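This is a predicted model, so every value here is computed, not measured. Counting starts at 1 for both ligands and their atoms, following the listed order.
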Amino acid sequence: MRNLQNDPLLLTPGPLTTSESVKKAMVRDWGSRDLEFIAMTKRVRLGVEEIAGVADGSHVCVLLQGSGTFAVEAAITSLIPRDGRVLVLVNGAYGHRIGRVCDYHGREYFSMETDENVPPNVSELAAFLASNADITHVVAVHCETTSGILNPIAEIAKVVRDHECHLIIDAMSSFGALTLSVQDVPCLAIVASSNKCLEGTPGIGFVVAEREALQKAKGNANSLALDIHAQWVGFEINGQWRFTPPTQVLAALDQAISEHKKEGGVGARGRRYAANCQVLIEGMRRLGFKTYLSDNLQAPIIVTFHRPRDRNFAFDEFYGRLKDKGFAIYPGKLTKTDSFRIGCIGHLFEDDMKAAVEAVRDVLTEMEISL
Ligand SMILES: *Cc1c(COP(=O)(O)O)cnc(C)c1O
């Protein structure tokens with residue numbers, strides 16, 4: 001059961017459809033200084049660290065109020081010294097957003113950009129770092145949700161480490177579903193949030209940061225509320241959040257993490273999403289749709305489809321009719337190609353994806369669109 005209200009299934013990059021038990025975990029009041037809530041905070045931090053593959057306390061999870069972007073901004077301003085020099089790997093809107101964050105916080109940066117359907121070139125990265133020894137930090141996106149492309153994060157991490165730079169990973173749309181362990185992928189920090197593959201509700205971001213770097217990060221941040229060092233010190237001193245925590249969102253995340261574990265962890269969650277993705281792509285191709293990415297670049301998170309050429313296709317009407325049938329999809333975000341997106345993450349299963357494809361087929365008939 002997912003739905004008390006008959007809400008549409010969210011085939012989007014987040015917020016996502018959550019289980020009924022995750023929603024129900026929120027129907028309570030907690031005092032933020034209460035021992036029960038402090039224990040919940042600790043449990044969630046440990047749960048996130050476990051999912052990130054943290055061993056021997058190499059990294060620590062710092063939770064932060066806000067959406068994923070808040071956590072990305074917090075990681076950049078707190079972990080990169082003011083005189084740091086940044087290289088941002090860009091192949092979509094979230095990479096561009098990282099550049100904008102650097103602008104706001106006065107961190108000097110370069111961008112290495114590839115097309116939205118092309119992963120960063122790892123040998124070019126190596127060459128750039130070799131000839132620009134002043135670069136201290138590299139920021140990369142794991143799954144670029146703009147297109148749904150999977151970037152080669154392990155290879156990127158190896159090159160960054162070989163050049164003695166620090167890597168910050170925006171793993172927002174992959175964390176919890178695609179393998180990313182700080183033991184295998186050396187990094188300064190992984191950034192993600194409560195409401196994507198962990199299947200919690202929106203309102204908490206987090207940074208899983210190297211303990212040593214965090215200890216040295218005092219005074220870096222150009223923001224009080226986004227200061228991850230100070231937030232961490234707060235958690236270490238008394239287990240409490242510095243400022244009002246989103247208590248219900250934390251309770252939902254606590255429940256979501258226990259459901260993630262029960263399902264079988266990252267491997268099992270990733271396999272469910274991969275099966276969802278396959279049903280979706282095969283079904284849509286049978287109807288005549290074309291995917292934007294080739295299969296070898298496609299992460300099992302969200303799929304970009306080319307907009308049909310038929311003159312009868314209008315996205316808003318297509319969207320509205322699908323929503324009436326119980327499925328919310330997402331507009332495209334590509335800069336050069338007309339497209340729309342359908343997500344396969346959240347508390348969704350193969351039968352849901354089959355039903356979604358059938359709904360698309362019916363809408364095509366209703367709108368008299370031929371592919
Ligand atoms: C969702 C997402 C974010 C954060 O977006 P918010 O709307 O702030 O939660 C950042 N990066 C990527 C790759 C994402 O998919």
Ser32 versus Gln240, side-chain donor and acceptor atoms under 3.5 Å: no

Hey, is Asp227 close enough to Lys218 for a salt bridge, meaning N to O under 4.0 Å? no

May I ask you to decide whether Arg28 forms a salt bridge with Glu36, counting only side-chain N to carboxylate O separations under 4.0 Å? yes

I'd like to know if Lys325 pairs up with Glu366 as an ion pair, taking the criterion as any Lys NZ or Arg NE/NH1/NH2 lying under 4.0 Å from an Asp or Glu carboxylate oxygen. yes

Inventory of protein N or O atoms under 3.5 Å from ligand 1 N or O:
residue	atom	partner	partner atom	Å
ligand 1	8 (O)	Ser67	OG	2.5
ligand 1	8 (O)	Gly68	N	3.4
ligand 1	8 (O)	Thr69	N	2.8
ligand 1	8 (O)	Thr69	OG1	2.5
ligand 1	9 (O)	Gly68	N	3.0
ligand 1	11 (N)	Asp170	OD1	3.3
ligand 1	11 (N)	Asp170	OD2	2.6
ligand 1	15 (O)	Thr145	OG1	2.4
ligand 1	15 (O)	Lys196	NZ	2.7

Pairs satisfying salt bridge (Lys or Arg N to Asp or Glu O under 4.0 Å), at least one member in residues 93-109, at least two apart: Arg85-Glu108

Ion pair Arg272/Glu199, N-O distance below 4.0 Å: yes

